Chemist: 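Sharing a structure here in structure tokens format.
The shown structure was predicted, so the numbers you read here are calculated from the model rather than taken from an experiment. When a residue number appears, it is its place in the shown sequence, counting from 1.
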Amino acid sequence: MKLKAAILKTSILPLVMLAVCATTMAQLNRRPFLSDEGPTPSSADVILPGASMKRMSTPTVGPRSLENGPGEKQRSQRRNELLNRQGFDQVTANSITIPHWSDSFTYHGIPYEYTMVGTNPKHGSATTVIPTVLIPLRIVFGDGTIYDASTDIVDGQTPLQAFLNSPVFQNHKYLIGGADVGTTQYGDAFQRANMWTEVSNGAHDYHVLLGGPDVTPVQTIIVPTGKFGYQVDPDTHQNFPVVEDGFFAEQIQERIQALNLSPLSLQIFVTGTVSQFNSWGYHESVYDGFGEKTYIVAPYLDKESVFYGEHVPDAYVLSHEIAEWLDDPFVGSHPNFVPGWQFSGDTSPLCDSTRTGDLLEVGDPLVFSDSSVTPISLNSVTYHVTDAAFLPFFTRSNRSRSVNGQYTFFGSATAPTPPCVGHIEISASRFEFPGARLTVANGLSNRGQIVGYFRDASNRTHGFLLDQGRFTSLDFPAAVATVAEKVNDAGQIVGYYIDATGLPHGFLYQYGGFAQVDFPGSVDTLVFGINSAGEMVGSYDDANFVTHSFILRNGAFRSFDSPFAAQSEALAINDQQIVAGINWNDSGPFTGFVTDGRFAPYNVPGSLDTFPFSINDNGDLGGYFIARNWTAGFVTLYGYTYQIYPRVFGNNNRNQIVGRVFDFSMHRYVGFVSDLPKRDD
């Protein structure tokens with residue numbers, strides 16, 4: 001692996017050393033050590049929740065953004081918060097808010113809790129009426145164009161009146177495959193069909209209805225130049241007025257505060273024919289210190305509205321958000337996570353939903369299916385609502401408990417979402433070395449000792465040990481930089497340091513002292529792993545700058561190479577002497593391997609590169625992977641692979657992981673430790 005010539009030109013080392021350092025730099029750059037940890041992460045590095053109906057930018061690129069809704073600034077803050085969800089349960093439990101109930105299901109041994117609007121149908125018939133308030137918006141663009149949801153005419157009605165007359169608020173008879181779900185509102189019919197086993201067996205009069213609705217005076221939003229625009233469909237040439245997502249979300253938040261409506265109500269902001277740059281509409285919740293308020297933002301577009309092949313007529317967007325609000329009302333504080341799902345017809349290995357947090361978004365899986373747009377006639381007017389996925393679609397039940405054994409309301413999908421790699425939600429406890437500008441945790445023992453490295457204010461890199469809340473800095477004598485990689489239960493720490501010439505050497509730290517570890521005859525050596533027996537693994541470069549794996553056992557080195565590629569690096573070893581690592585060719589990707597003498601490949605399904613940095617005695621792996629559009633951590637748990645939002649560098653036998661995560665409030669990377677979910681047997 002040779003460093004690019006442009007980088008070599010900046011070196012002042014002797015020519016003989018340049019080739020050595022080129023290989024060394026390329027070797028080390030596979031870890032985040034020599035870089036500045038990259039730019040401030042966005043959705044490509046940390047995955048965030050989303051609660052919006054997507055827009056497509058081009059038919060080949062797919063969704064323009066899966067992170068829409070209340071603006072990137074607010075979403076970035078919530079990315080940070082959701083990595084440590086402690087206390088969110090209390091927000092909803094102790095708040096004044098709409099009636100709701102909770103339950104759970106298990107998938108691959110992991111429990112998933114969810115909260116929905118109304119009462120639990122398992123407890124019998126009950127009618128819940130949610131007071132509803134419509135807030136029409138008058139949106140004034142900086143070019144003088146005005147869009148008013150209370151006065152503009154779309155297909156013969158104002159958007160405000162059309163919502164009131166639509167199936168969202170008016171009763172319609174729903175016959176689903178011969179089953180009479182009821183003559184009721186769209187959202188109530190969907191939820192009755194969703195919970196049909198309970199409804200048809202003892203809860204016949206179960207309902208969740210929208211009350212009213214009341215209508216507020218028109219609220220005016222002034223949109224300055226630079227915050228609005230017009231998107232034109234290349235085929236239909238239809239003009240869509242749009243507002244920048246973050247600006248629009250801030251304006252909505254200001255109206256919520258100014259109107260001071262009851263948190264016991266659902267607030268629906270009617271945007272007329274205006275939507276956001278990156279989403280048609282969204283549902284959200286916000287805690288204001290007194291109550292948890294739930295709200296929806298939705299446009300009303302004409303029946304011919306098509307944007308890059310996506311049909312979004314009249315009440316379609318509002319119905320989409322109503323169904324999602326019913327099944328995931330507190331998305332702002334206590335979102336409903338599910339194992340992950342795919343857009344209808346997609347069978348890719350990585351779940352499509354993971355970039356939006358794997359939320360229980362019942363409309364989203366169907367948004368790119370024409371058959372999800374369902375006509376309903378009321379009073380001689382044809383409206384359109386969305387098909388929506390039932391709970392068994394997400395739980396992947398072999399037999400659906402919803403109406404007629406269906407997986408969606410109107411049957412546009414006939415099976416549950418296929419298996420794919422979703423994420424595991426964690427409660428991450430963060431920490432950083434005092435005064436550090438960056439902290440990364442690389443390994444932890446079963447006793448809870450954590451090792452890693454930090455960068456001080458002078459940009460120098462030091463190793464550290466965190467033991468019972470106390471930090472100890474680790475610096476190999478005369479080293480330019482020191483990185484601690486792993487620690488075993490005996491307190492032995494391994495890692496590597498950089499000498500004055502820029503070369504790395506391995507080390508073992510025990511009993512308060514360092515011992516240098518170099519593979520005999522090597523140009524450089526890196527030590528990455530150690531087990532309870534003191535056996536070490538790592539990599540070295542030979543005289544031809546080819547990287548090989550090694551194991552150090554009972555004082556003797558043994559070199560080994562993966563059969564899958566020309567070069568390899570052993571990154572971790574457990575007490576069963578199973579080694580995990582990476583291999584690569586100069587022109588190929590980095591892929592993982594696991595070996596106990598017999599090699600087996602391991603790669604996150606759908607990834608471009610996979611880096612398994614740790615392995616525990618159960619054979620569970622931890623690391624990170626690179627996909628086409630993002631980078632994320634991963635773990636294997638109970639035989640299945642899951643994404644973890646931050647990158648993972650270490651795990652132990654207690655199902656704990658460590659790594660690093662970007663703290664948006666402090667604008668720097670910090671270490672984290674977290675428990676993984678326990679198996680629900």
Chemist: Here's one to test your reading of the geometry: is the NZ or CZ of R396 within 45 degrees of the ring axis of Y107 and under 6.0 Å from its centre?
Modeler: yes
Chemist: Taking the six-membered ring for Trp, is the centroid-to-centroid distance between F590 and F611 below 6.0 Å?
Modeler: yes
Chemist: Do Y642 and H423 pass the ring pair (Phe, Tyr, Trp, His ring centres under 6.0 Å) test, and can you show the C-alpha distance, the side-chain angles, and the key distance before you say yes or no?
Modeler: CA-CA 5 Å; Y642 299 92; H423 90 284; 9.1 Å; no
Chemist: Is K122 paired with D103 through a side-chain N to carboxylate O contact shorter than 4.0 Å?
Modeler: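 Yes.
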Chemist: Quick check: does any side chain N or O of N336 sit under 3.5 Å from a backbone N or O of T115, one acting as donor and the other as acceptor?
Modeler: yes
Chemist: Would you give the length of the straight line joining atom CD of E324 to atom CG of L326, rounded to the nearest 0.5 angstrom?
Modeler: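 Between E324 CD and L326 CG, I get 10.5 Å after rounding to 0.5 Å.
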Chemist: May I ask you to decide whether K293 forms a salt bridge with E284, counting only side-chain N to carboxylate O separations under 4.0 Å?
Modeler: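 Judged by the 4.0 Å cut-off on N to carboxylate O distance, K293 and E284 do not form a salt bridge.
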Chemist: Nearest 0.5 Å, please: how far is OH in Y114 from OG in S104?
Modeler: 7.0 Å
Chemist: Mind checking side chain to side chain donor-acceptor pair (under 3.5 Å) for Y602 and listing every partner two or more places apart, or none if nothing turns up?
Modeler: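 By the side chain to side chain donor-acceptor pair (under 3.5 Å) rule, Y602 matches T641.
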Chemist: Do you see a donor-acceptor pair shorter than 3.5 Å between the side chains of E321 and Y295?
Modeler: no
Chemist: Output yes when a side-chain donor or acceptor of T482 lies under 3.5 Å from a complementary backbone atom of H462, and no otherwise.
Modeler: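 Checked: no pair found.
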Chemist: Checking A572 now: which residues fulfil side-chain contact (heavy atoms from CB on, under 4.5 Å) with it, not counting sequence neighbours?
Modeler: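 By the side-chain contact (heavy atoms from CB on, under 4.5 Å) rule, A572 matches I615.
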Chemist: Find out whether F634 and T610 are in side-chain contact, i.e. whether some heavy atom of one side chain is under 4.5 Å from a heavy atom of the other.
Modeler: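 Of all side-chain heavy-atom pairs linking T610 with F634, at least one is under 4.5 Å.
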Chemist: Taking the side chain as C-beta and beyond, is there a heavy-atom pair between F105 and P339 under 4.5 Å?
Modeler: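 Of all side-chain heavy-atom pairs linking P339 with F105, at least one is under 4.5 Å.
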Chemist: Please confirm whether the backbone N or O of T354 pairs with a side-chain atom of D358, one donor and one acceptor, at under 3.5 Å?
Modeler: yes
Chemist: Less than 6.0 angstrom from the centroid, inside 45 degrees of the normal: does R679 satisfy that with respect to the ring of Y638?
Modeler: yes
Chemist: Quick one, T294 and W325 - any side-chain contact, counting heavy atoms below 4.5 Å?
Modeler: yes
Chemist: Would a distance-only check, ignoring hydrogens and angles, find a side-chain to backbone donor-acceptor pair under 3.5 Å from N531 to D575?
Modeler: no
Chemist: With rounding to the nearest 0.5 Å, note down the distance linking OG1 in T439 to CZ in R455.
Modeler: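 Taking OG1 in T439 and CZ in R455, the distance rounds to 10.5 Å.
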Chemist: Report yes or no: do H283 and D328 form a side-chain donor-acceptor pair below 3.5 Å?
Modeler: no
Chemist: Has the side chain of T417 got a donor or acceptor atom that lies under 3.5 Å from a matching backbone atom of Q342?
Modeler: yes
Chemist: Do the side chains of V487 and I530 get nearer than 4.5 Å, heavy atoms only?
Modeler: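 In short, these two side chains do not touch, never coming nearer than 4.5 Å.
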Chemist: Between the side chains of N652 and D617, does any donor sit under 3.5 Å from an acceptor?
Modeler: no
Chemist: Please round to the nearest 0.5 Å and tell me the distance separating atom CZ of R460 and atom CZ of F454.
Modeler: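 If I round to the nearest 0.5 Å, the distance is 10.5 Å.
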Chemist: Under the 3.5 angstrom rule, does the side chain of D467 hit a backbone N or O of Q449 as a donor-acceptor pair?
Modeler: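 Checked: no pair found.
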Chemist: Are R430 and D663 ion-paired here, with the side-chain N under 4.0 Å from a carboxylate O?
Modeler: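 Here R430 pairs with D663 in a salt bridge, since their nearest N and O are under 4.0 Å apart.
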Chemist: Could you grab the distance from atom CG of L438 to atom CZ of F662, nearest 0.5 Å is fine?
Modeler: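 So the CG of L438 and the CZ of F662 are separated by 9.5 Å.
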Chemist: Return yes if some donor-acceptor pair links the side-chain N/O of N603 with the main-chain N/O of G592 below 3.5 Å, else return no.
Modeler: yes
Chemist: Answer whether the closest heavy-atom distance between the side chains of F337 and L359 falls below 4.5 Å.
Modeler: yes
Chemist: With heavy-atom distances below 4.5 Å as the criterion, would you say the side chains of S344 and D346 are in contact?
Modeler: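 No - every pair of side-chain heavy atoms lies 4.5 Å or more apart.
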Chemist: Between Y282 and W280, does a ring pair (Phe, Tyr, Trp, His ring centres under 6.0 Å) hold up when you go through it step by step?
Modeler: CA-CA 7 Å; Y282 63 89; W280 297 110; over 10 Å; no
Chemist: Any chance you could measure Y407, atom OH, to L391, atom CG, to the nearest 0.5 Å?
Modeler: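 Going from OH on Y407 over to CG on L391, the span is 11.5 Å.
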Chemist: Test your reading of the model: is there a side-chain donor-acceptor pair from N651 to the backbone of D620, 3.5 Å cut-off?
Modeler: yes
Chemist: Apply side-chain contact (heavy atoms from CB on, under 4.5 Å) to V670 and R660, showing your working.
Modeler: CA-CA 6 Å; V670 298; R660 56 93 158 162; over 6 Å; no
Chemist: Tell me whether D288 contacts the main-chain N or O of F290 through its side chain, where contact means a donor paired with an acceptor under 3.5 Å.
Modeler: yes
Chemist: For M195 and S402, what are the C-alpha separation, side-chain angles and deciding distance, and is it a side-chain contact (heavy atoms from CB on, under 4.5 Å)?
Modeler: CA-CA 6 Å; M195 304 297 170; S402 299; over 6 Å; no
Chemist: Using modelled atom types only, decide if a donor and an acceptor are shared between the side chain of R654 and the backbone of N446 within a distance under 3.5 Å.
Modeler: yes
